[in-house]
Structure formats: structure tokens, C-alpha cells
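So you know, we letter chains A, B, ... as the sequences are listed, proteins then strands, and number each from 1.
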2 protein chains.
Amino acid sequence: MQLDARLSRMLHILIHMDRLDGPMTSELAAQMLRTNPVVVRRTMAGLRDAGYVRSEKGHGGGWTLARPLDAIRILDIYRAVGEPRIFSIGPADPDPQCLVEQAVNASMAAAMQEAEAMLIARLGQVTLAQIAADFDQRYAALLATGAIEPLTGH
Amino acid sequence: MQLDARLSRMLHILIHMDRLDGPMTSELAAQMLRTNPVVVRRTMAGLRDAGYVRSEKGHGGGWTLARPLDAIRILDIYRAVGEPRIFSIGPADPDPQCLVEQAVNASMAAAMQEAEAMLIARLGQVTLAQIAADFDQRYAALLATGAIEPLTGH
DNA sequence: TGATTTGCAACAATTGATGTTGCGTGATAG
DNA sequence: CTATCACGCAACATCAATTGTTGCAAATCA
């Protein structure tokens, strides 16, 4: 498998959702993510169960934010999508008989747990509102250069 | 794919190689790793090219260490196996047009680069001799409990 | 009633490490 | 000199998890 993009995709969609008035359909989200509405529903299901978004069926239905962006941290979404595996490297056998292999695993696990703890801590410090603010800056900067027109979607 | 165990496997085998007098055949290494000699040769090829091991063909041939364990860091082996991808999570599109997605990517990349830098730093601080010393402690501890007999392979 | 939209199950596609087979090459023993 | 051993390498199969896709049921609203 290549990279697991579920977290990135959800962050992306949630910020768009915040800027949209009215619910966002899975169809629209899928277009933004260049994927399939089913993939959107499947991934978003975790966010709904965790209370970060709501879904409505039928006419005028779709997805809406259940909390403001400043009340959602990246870490919250990471957990809501099921805390996917962070590392693609790891031990051959997590609980080996061989004492050499046990020593190798212990050494690697210590280093990786430290790195993981740092990453988790970082994800807990950044809110989606901060990412949205970064977007606003990028948008304003592009406007200033004349590279894009005001009000032409992002 | 599940976990990429090439680094762990090579660390494991290199320490065994150090404790063995005479070359280690790919066949023996494969038994230790519960895999195939071809997998061993394929993965070990990088270590040979980087100068950490030597390989000899024919009768009495096999693999031997080219440096003492205290002159090999985990980081060296990580690089010798081709610096495999560390994270299994990542952006949907590494260079998106969408400014929202750019902001998301920037935020995630910053956190992940910090974690990666910490991991790399840790891997650069641990030598294989240190892991071997940890093994020796585990071995002595098991001997003391009477759980194993002296000189019965590990 | 019909159109819209989510919910969900089932299955195919994709990707990269890993597993496997086969053959060539070099080295050593006898 | 021949047989055996062991690496080198190419080619292909296997596996696992996300992603992609199809189909159908259920709910909502005009």
C-alpha cells in the first residue's frame, strides 16, 4: 500500500465544510478529494460516531460540522479515523523467542515510541482553525499577486 | 503491506553474525529470520554495497562483518537498506492546487518532519554493540533464573 | 410518488515488501 | 577436473490494507 491519506483527507474536507453554507454532500466532497462518495462516507463515518460531524439523509442532506474548527484538533481526527498505524517500518516478530531479536525490538521500539509520542503531541497542539488561518494567509497572498480572482473557489 | 521489517531483520542478523566464527551463509540467516535465502541476499546486498558486510562465494563462503559492531549505528543500516519510508500516513496529494489542501499538507508535514528528525537522531545514537550488550544482559538474566542452559544457542 | 442522499455490504484494484523458482557464476574440496 | 557449495540476479507469485466500485436498502423532502 501507498500512504494512508485518511487523516489528511478528512482535515481537508472539514475545512471546506466550515466555509460552505449548508450541508456538504458526499458527492461534492468526493470531487474535492478526487475520489468516490462511498470512500467519503466510509471515512467520515468515524467522525460522525465521534461527534465531530453530523449527517442528514434525503433532500438537502449531507454533512455538517458539529463543532467549530477551533474545538477540533488534528489529534481528534486522527483518533476518529481509527488511529491508523503511523509507521511503515517495524519488527519482523513483535514477540520473538530469540533474545537477540528481543534486544533489537526493544531498541527500535524505544526510538519509535519517542518519535510517535512527539508526533501525537504535535497533532494535539494544532486545531483545524489554525490550519484554516494558514489557508486564509495563502489565499490573501495569492490575491495580492493577482494570480487569482476574488471569489473564484479555491 | 504490513510492516517493513528489513531494518530489524538486518540488525538481528548482524549481531548473530558477530557472534559466529566463520561466515554466515544465507541459508543459516534465512532460518534465523524464518524466511528464504533469496530474501536475505536481496536485503543484505545493500549492506555489502555500503561496506558493512562482505560476501564470499563457494565452499566456506557466506557473509562476514566488515566492521566491528561498535562502528555500526542503527542509522547506518537504515540507510544501507535504502532508507525505507518511515510513515504509513501522509498526504493524499503531495503538491496540490487547492490552497486548503496545501495548508493541511504543510501542517502535517511539519509535525511529521519533526518526528522523523527525532527518530533519525535516535537511530544515529545507538550502535549495534549497544544492542548486543543488551542481549548479553538478557542472556545472563535468563541463565540466572535457570530457565535456560549455558551454551544452548539463543 | 419520485428524486435525493446517506448506510452498508460485497468485491475488485492497487502497491510494495515478501516469498519462491530457476539459472548463472565463482570458489573450494577431493 | 569434476562435483558441490554458496552468492547474484532476474522473473514471477503471494499477501495485506487502503482505496475504488457496484448495488441496494432506508430515510427525507418536494
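Nucleotide dA17(D) holds its C1' atom 8 Å from the CZ atom of Arg6(A), rounded to whole Å. Atom CG in Asp4(B) sits roughly 15 Å away from atom P in dA17(D) (whole-Å rounding). Spacing between atom CE of Met44(B) and atom P of dC7(D) amounts to 9 Å, rounded to whole angstrom units. Put simply, CD on Glu27(A) is 12 Å from P on dT4(C), counting in whole angstrom units. One atom, CZ of Arg48(B), and another, C1' of dA6(D), lie 13 Å apart when rounded to the nearest Å. Between the CZ atom of Arg34(B) and the P atom of dA17(C) there is a distance of 24 Å, given to the nearest Å.
Of the listed residues (Ile72(B), Leu65(B), Asp70(B)), just one forms a side-chain contact (heavy atoms from CB on, under 4.5 Å) with Leu128(B), and that residue is Ile72(B).
Interface remark: the Arg42(B) side chain does form a donor-acceptor pair with the dT20(C) base, using a distance-only criterion of under 3.5 Å.
Among dT19(D), dA17(C), dT15(C), the nucleotide with an atom closest to any side-chain atom of Ala5(A) is dT19(D).
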Scoring nucleotides 24-30 of chain D by protein non-hydrogen atoms under 4.0 Å (B base, S sugar-phosphate only, - none) yields ---BBB-
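Alongside Met118(A), the hydrophobic cluster contains Met118(B) (criterion: ILVMFWY side chains under 4.5 Å).
For the OP1/OP2 pair of dG20(D) and a distance below 4.0 Å, the side-chain nitrogens and oxygens of Thr35(A) include at least one atom meeting the criterion. OP1 or OP2 of dC7(D) sits under 4.0 Å from a side-chain N or O of Ser26(B). For Arg41(B), no side-chain nitrogen or oxygen approaches OP1 or OP2 of dG8(D) to under 4.0 Å. Under 4.0 angstrom from either OP1 or OP2 of dA17(C) there lies no side-chain N or O belonging to Arg85(B). OP1 or OP2 of dG8(D) lies within a sub-4.0 Å distance of a side-chain N or O belonging to Ser55(B). Of the side-chain N and O atoms in Thr25(B), none sit less than 4.0 angstrom from OP1 or OP2 of dA6(D).
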Query raised in the report: Please walk me through it: do Trp63(A) and Thr25(A) pass side-chain hydrogen bond (donor to acceptor under 3.5 Å, both in side chains)?
Result: CA-CA 6 Å; Trp63(A) 301 88; Thr25(A) 64; over 6 Å; no
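Residue Asn36(B) is classed as a base contact, given a heavy-atom separation below 4.0 Å to a base. Here Ala45(B) lies out of heavy-atom contact (under 4.0 Å) with every strand. Among the atoms of the strands shown, none is found under 4.0 Å from any heavy atom of Arg54(A).
Contact record, His12(A) with Met32(A): CE1-O, 4.0 Å, taken as the closest heavy-atom pair.
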